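Below is one structure; the comments refer to it alone.
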There are 2 protein chains.
Amino acid sequence: MTSIRKVAVESGLPAKTIRYYEDIGLVRPARSANGYRVFSPADVQKLSFLARARSLGFSIEDCRALLALYEDRSRASADVKRVAEHHLARIARKIAALQSMQATLTVLVERCHGDDRPDCPILDDLARHTSSGAA
Amino acid sequence: MTSIRKVAVESGLPAKTIRYYEDIGLVRPARSANGYRVFSPADVQKLSFLARARSLGFSIEDCRALLALYEDRSRASADVKRVAEHHLARIARKIAALQSMQATLTVLVERCHGDDRPDCPILDDLARHTSSGAA
DNA sequence: CTTGACCTTCCATTAACTGGAAGGTTTATA
DNA sequence: TATAAACCTTCCAGTTAATGGAAGGTCAAG
């Protein structure tokens, strides 16, 4: 259970991504005589941790910080919480931005008859939102 | 009203971005004798169109398509609508993914006492979501 | 004639991978 | 034994949509 392919299956990360994570210093698997990577159970655990953190949208740098906290038995949970709260704030901002786009676009799409005629409220909106042609 | 700096103010796009848009063929401003870009009112209109489309989250390639439709007086509004609907679908998927992360993280953050003690439900979650340690 | 505000091009960097080339190793099979 | 399949390795390039900065040309004012 130590070759990269097996660890990929185990952790849910593509082998390519695992190599990338080693490149950027998130994991340091050992090497066997032939140069192949050898992953310890702790390495696999780290990679699964990373997969989960990434799936929750944490950036690689957040993951690096979370991993350090994870491995620091004397961490303060406040430090972890702070990282998560910042991330939650980012998520909330992204959702708000997307919902704003969604609202605007939904209205425009509803108004567009969508047939073979050229007049189109969507293009009208895009063209109208010009400082010069504001009215 | 034709220098890049003025067009930047007018369109709301950074000068750097306008040069980039020329690079990738979205606009083709004329050049004056000294090599400076000279923007026609139509160029400015195009750039404003792009700024608006980008602000609604359309990709550059979508923008390219929308701009082509905008300039095609014999377009079918159905073609525009299709692009917008695909984009709306992408937005909806992104929102759903973010909301899922938000829900999970909110629960974890609420559970984390966030003090100087090391035990932390957030790290527990990240570490627990391992195929091996599935509980 | 020089300072400052413009403008130009070109190169590097960002985030987080992903694809593919070129080549070494190991295992299975004919 | 030969060789092919199925692994593994490193390294380079590309993706999105810009952004930062260096090096240098131009132009109006004082």
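Everything quoted here is computed from the prediction, not taken from an experiment. Here is the naming used below: chain letters follow the sequence lines, and residue numbers restart at 1 for every chain.
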Practice task
Return no unless some side-chain N or O of R19(B) is found under 4.0 Å from OP1 or OP2 of dT8(C).
Solution key: yes
Practice task
Report the residues that fulfil side-chain contact (heavy atoms from CB on, under 4.5 Å) with E85(B), sequence neighbours left out, ordered by chain and then residue number.
Solution key: V109(A), K81(B)
Practice task
Look at Y36(B) and dC27(D) and indicate whether a side-chain polar atom (N or O) is within less than 4.0 Å of OP1 or OP2.
Solution key: no
Practice task
Give a yes/no on whether any side-chain N or O of N34(B) is located under 4.0 angstrom from OP1 or OP2 of dT8(C).
Solution key: no
Practice task
Please list, by residue number, the residues of residues 86-96 of chain A whose heavy atoms come closer than 4.0 Å to an atom of DNA chain C; answer none if no residue qualifies.
Solution key: none
Exercise for the section: Look at the side-chain N and O atoms of R5(B) and state whether any lies under 4.0 Å from the OP1 or OP2 oxygen of dA5(C). Expected result: no
Problem - side-chain contact (heavy atoms from CB on, under 4.5 Å) evaluation trace for L126(B) with L108(B) - result: CA-CA 10 Å; L126(B) 296 176; L108(B) 293 176; 5.9 Å; no
Practice task
Check whether any side-chain N or O of S48(B) sits under 3.5 Å from a backbone N or O of V44(B) as a donor-acceptor pair, and report yes or no.
Solution key: yes
Exercise for the section: Can you see which heavy atom on S11(B) is nearest to which on L47(B), and at what distance? Expected result: CB-CB, 4.0 Å
Practice task
Specify the residues of residues 50-63 of chain B, ordered by number, for which at least one heavy atom lies under 4.0 angstrom from an atom of DNA chain D.
Solution key: R54(B), S59(B), I60(B)
Practice task
Look at all strands and tell whether R37(B) reaches a base, only sugar-phosphate, or nothing, counting heavy atoms closer than 4.0 Å.
Solution key: sugar-phosphate
Handout entry: Five-pair end axes of the helix from dC1(C)-dG30(D) to dA30(C)-dT1(D) and the angle they enclose, rounded to 10°
Key = 40°
Problem - Evaluation steps, side-chain contact (heavy atoms from CB on, under 4.5 Å), between D43(B) and T2(B) - result: CA-CA 9 Å; D43(B) 290 328; T2(B) 60; over 6 Å; no
Handout entry: dC8(D) OP1/OP2 closer than 4.0 Å to side-chain N/O of S3(A)
Key = yes
Practice task
Ignoring backbone atoms, test whether Y21(B) places a side-chain nitrogen or oxygen under 4.0 Å from the OP1 or OP2 oxygen of dA18(D).
Solution key: yes
Handout entry: salt_bridge(E61(A), R64(A)) N-O dist < 4.0 Å
Key = yes
Handout entry: Lys/Arg N to Asp/Glu carboxylate O, D62(B) vs R90(B), below 4.0 Å
Key = yes
Write out a two-atom table: protein N or O, nucleotide N or O from nucleotides 20-22 of chain C, distance below 3.5 Å.
{"from": "dG20(C)", "atom 1": "N7", "to": "K16(A)", "atom 2": "NZ", "distance (Å)": "3.3"}
{"from": "dG20(C)", "atom 1": "O6", "to": "K16(A)", "atom 2": "NZ", "distance (Å)": "2.2"}

Problem - Over 12 foreign heavy atoms within 6.0 Å of NE2, H113(B) - result: yes
Handout entry: Plane angle bin for H87(A) and F58(A) - parallel if under 30°, tilted between 30 and 60°, otherwise perpendicular
Key = tilted
Exercise for the section: Select base, sugar-phosphate, or nothing to describe what I24(B) touches, counting heavy atoms under 4.0 Å on all strands. Expected result: nothing
Handout entry: Test side-chain contact (heavy atoms from CB on, under 4.5 Å) applied to S55(B) - qualifying residues, sequence neighbours left out
Key = R52(B)
Handout entry: Pairing of D79(B) and R82(B) as salt bridge, 4.0 angstrom limit
Key = yes
Practice task
Please state whether the phosphate of dT9(C), meaning OP1 or OP2, lies under 4.0 angstrom from any side-chain nitrogen or oxygen of R31(B).
Solution key: yes
